[in-house]
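Report on the following structure.
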Amino acid sequence: MQLETALKQYYGFNNFRPGQKEIVEDILSGHDVLGMLPTGTGKTLIYQLGAVLLKGRALIVSPLVSLMQDQVDQFKQAGFKRTVALNSFLDHSDKRSVLHHLKDYQFVFVSPEILQNKYVRSALLSIDWSLFVVDEAHCISQWGHEFRPHYLDLAIIKKELGNPVCLALTATATVKVQEDIRNYLEMRDAKVHIHSMNRPNISIFVESFSQIEKKQDRAIDLINDLQGPGILYTNTRKGAEQLVSVLHERGMQDVSYYHGGMEQDERLLVQKQFLNSQLQLIVCTNAFGMGINKPDIRYVIHYHAPANVEGYVQEIGRAGRDMQPSAAILLYHPSDLEVPFHFIEHELPDDNQIDYILSDYEALAEHTLFERLQLAGISETGQRFMEYHLNNAGVLFEKCVPEEKRELLKKILKKKIEERKREKLKSLRMIEKWIMDEGCKRNMLLKYFGEEEIAAMDECCSGCQGELVRFYGKQEKEINTYHEWEDELKRLFRQEV
DNA sequence: CGTCCACTTTCTAAAAAGTGGACGGTGCGTTAGT
């Protein structure tokens with residue numbers, strides 16, 4: 001079948017969006033693909049169509065359960081009814097029933113962690129898969145090394161599944177992240193489709209402060225003046241909560257905070273209110289944003305510098321999905337970098353802790369290495385990291401490790417930690433350099449992502465004398481507040497269709 | 001490194017100032033027994 005015919009039949013569209021067709025073609029001819037496409041290009045369509053035309057099943061690895069639930073709903077609405085997500089939202093009996101009837105599903109969403117479950121694994125292995133999809137594939141590099149190490153094991157399950165065609169999709173990946181993806185998914189021969197990460201409708205502004213007290217006033221002025229809705233990122237949970245209480249005191253009621261320390265239902269509520277335009281501003285840590293597809297976000301303020309350029313680009317990329325002019329504003333003070341610096345220095349165990357965990361001290365002889373991890377006083381992320389590597393070495397539940405192996409492990413782990421720290425510090429220095437450099441902010445980002453520089457644009461960035469003033473004005477918001485909620489609902493429906 | 005909190009010290013009786021130390025960001029899974 002012609003691809004265009006299938007597109008028309010299943011979606012009613014006449015033309016593919018840039019990048020879609022080439023990837024579908026590669027998939028159909030049996031090639032692995034690494035696709036970097038800007039958000040809103042319709043990445044989902046690629047593997048929906050791919051699976052349909054291959055007359056097979058797709059296993060889709062997705063990073064967040066909330067995102068998975070949304071995707072399953074969207075698939076069903078789009079007519080792909082045989083779709084399911086395997087995650088902790090399922091209770092015991094539902095899970096058993098889904099696993100038992102797994103062959104009846106065409107699209108199965110999973111987290112990297114649940115792939116470790118032996119029942120899930122054996123159910124998956126008992127049927128044929130045409131596509132192995134890794135959505136938000138930059139997570140392999142961004143989270144896999146320490147925070148969610150099971151991201152590094154995806155190649156193992158892929159092989160067990162008989163090496164179905166592998167499709168890795170992301171919106172932002174530096175050359176280094178692309179390499180990580182291809183290495184850890186063992187798809188070195190993959191066809192690579194990289195599209196520019198440039199978002200011409202987002203103007204980029206950096207403002208430096210030498211007095212930290214002035215930053216809050218500036219942020220409040222911006223929030224007052226800028227056309228919303230907007231997102232403001234802070235470094236810490238407490239910082240987000242405090243800023244919101246200041247804004248509430250000043251009479252701004254349509255503002256809430258969001259961070260990973262909140263209860264699931266509270267997070268969901270805030271997110272829904274924001275998506276429904278009941279909130280004009282969300283003040284949050286980097287927990288907020290992935291999978292958020294609100295088209296009309298007009299600005300993203302960074303109240304602190306983020307820890308790396310990739311994270312920054314992902315965060316500002318949430319603005320202006322509707323292609324309308326939008327602003328990214330970073331309010332920088334040198335002390336911003338202290339929090340990320342702290343995390344880099346302390347999230348992984350230091351040499352003493354490694355020595356302690358792998359020691360032959362008599363006092364520890366009664367404890368397995370797993371138990372020693374809690375005793376060593378390392379961070380939760382550090383524990384995850386160590387659990388993963390000690391388990392791979394087959395010693396996690398041992399009380400005693402032969403001396404030779406012990407010394408080798410110490411050496412390997414210390415080296416690995418040292419490398420990770422070095423890389424992260426390099427990223428931190430890189431964003432600091434980007435902030436301080438007075439050249440074109442956009443071209444520096446393009447260069448960082450391995451792209452060619454572009455000719456000067458209008459309203460490009462603070463390095464190119466862009467003017468923030470044109471993003472001021474609150475007209476639309478005032479009109480919105482007079483809408484009856486029924487009208488608002490209708491408007492949202494129309495927007496989605 | 002800076003901030004916040006609990007606790008102690010100050011010095012003289014109620015509250016302020018000092019000190020030590022813990023903490024700081026991302027998420028999956030969890031299947032025990034009222």
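Letters go in sequence order (proteins before strands), and every chain restarts at 1.
Regarding contacts with the backbone of B/dG27, every side-chain N or O of A/S111 stays at 4.0 angstrom or more from both OP1 and OP2. For B/dG29, the OP1/OP2 oxygens have a side-chain nitrogen or oxygen of A/S88 closer than 4.0 Å. Phosphate proximity of B/dG24 to A/R237: absent, as no side-chain N or O sits under 4.0 Å from OP1 or OP2. An OP1 or OP2 oxygen of B/dG25 is reached within less than 4.0 angstrom by no side-chain nitrogen or oxygen of A/K424. Using a 4.0 Å cut-off, some side-chain N or O of A/Q242 falls inside it from OP1 or OP2 of B/dC4. Taking 4.0 angstrom as the limit, A/N117 places a side-chain polar atom (N or O) nearer than this to OP1 or OP2 of B/dT30.
Proximity note for A/N87 (side chain, C-beta onward) versus B/dG29, B/dG27, B/dC5: the nearest is B/dG29. Nearest nucleotide to the side chain of A/H342, out of B/dG24, B/dG27, B/dT30: B/dG24. You'll find that the side chain of A/N286 is closest to B/dG25, out of B/dT30, B/dG25, B/dG27. For A/R384, counting side-chain heavy atoms from C-beta on, the closest listed nucleotide (B/dT30, B/dG2, B/dG27) is B/dG27. For A/R267, the side-chain atoms get nearest to B/dG27 when compared with the rest of B/dG27, B/dG29, B/dG24.
Rounded to a whole angstrom, the distance from the P atom of B/dG21 to that of B/dA13 is 31 Å. Look at the C1' atom in both B/dA14 and B/dT8: the space between them is 16 Å, to the nearest Å. As rounded to the nearest Å, B/dT34 and B/dG29 have P atoms that lie 27 Å from one another. Comparing the P positions of B/dC5 and B/dC11 gives a spacing of 27 Å, expressed to the nearest Å. Rounded to whole Å, the C1' atom of B/dA17 lies 15 Å from the corresponding atom of B/dT12. Rounded to the nearest Å, the gap between the P atom of B/dT3 and that of B/dG25 is 15 Å.
Atoms CG (A/L348) and C1' (B/dG25) sit 13 Å apart, rounded to a whole Å. The CZ-P distance, from A/F147 to B/dG24, rounds to 13 Å in whole Å. Taking atom CD of A/E146 as the reference point, atom C1' of B/dC28 lies 16 Å away to the nearest angstrom. Nucleotide B/dT3 holds its P atom 18 Å from the CD atom of A/E241, rounded to whole Å. The CG-C1' distance, from A/N235 to B/dC1, rounds to 12 Å in whole Å. A/H92 places its NE2 atom 7 Å from the C1' atom of B/dT31, with the value rounded to the nearest Å. Nucleotide B/dG27 holds its P atom 7 Å from the CG atom of A/L64, rounded to whole Å. One atom, CD of A/E345, and another, C1' of B/dC1, lie 11 Å apart when rounded to the nearest Å.
By the 6.0 Å contact criterion, NZ on A/K421 is enclosed, its count of non-hydrogen atoms from other residues, nucleotides or ligands being greater than 12. Within 6.0 Å of CD on A/E263 lie no more than 12 heavy atoms contributed by other residues, nucleotides or ligands.
Within the 4.0 angstrom heavy-atom criterion, no nucleotide atom of any strand lies near A/Q314. A/T381 comes within contact range of at least one nucleobase, with a heavy-atom separation under 4.0 Å. Across all strands, A/R96 comes closer than 4.0 Å to no nucleic acid atom at all (heavy-atom distances). Within 4.0 Å of A/P112, counting heavy atoms only, lies no atom of the nucleic acid at all. Residue contacts for A/H259: at a heavy-atom cut-off of 4.0 Å it reaches the sugar-phosphate backbone alone, with no base atom in range.
In this structure, the separation between OG1 on A/T170 and CG on A/L37 is 9.5 Å, given to the nearest 0.5 Å.
By the 30° and 60° cut-offs, the orientation of the rings of A/Y312 relative to A/W434 is tilted. The aromatic rings of A/W143 and A/F147 stand perpendicular to each other, their planes meeting at an angle above 60°, with 30° marking the opposite boundary. Note on ring orientation: taking the six-membered ring where Trp is involved, the planes of A/H302 and A/Y233 are parallel (angle under 30°, cut-offs 30° and 60°).
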Paired and unpaired positions of DNA chain B as dot-bracket, Watson-Crick or G-U wobble under 3.5 Å, | denoting a partner strand | ((((((((((....))))))))))..........
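Heavy-atom distances to DNA chain B give each of A/G239 and A/I212 a nearest nucleotide, and the one nearer the 5′ end belongs to A/I212.
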When you look at A/F370 and A/N391, which way does the side chain to side chain contact (heavy atoms under 4.5 Å, CB included) test go after all the steps?
-> CA-CA 9 Å; A/F370 177 75; A/N391 193 40; over 6 Å; no
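Paired with A/H145 under the rule ring-ring contact (aromatic ring centres under 6.0 Å, His included), one option of A/Y151, A/Y388, A/F385, A/Y184 passes, and it is A/Y184. Here the rule is salt bridge (Lys or Arg N to Asp or Glu O under 4.0 Å) with A/K424, and of A/E146, A/E345, A/E419 only A/E146 fits it.
Ionic pairing of A/E418 and A/R422 is not present here: no N-O contact between side-chain nitrogen and carboxylate oxygen is shorter than 4.0 angstrom.
A donor N or O paired with an acceptor N or O is found under 3.5 Å between the base of B/dG25 and the side-chain atoms of A/E347.
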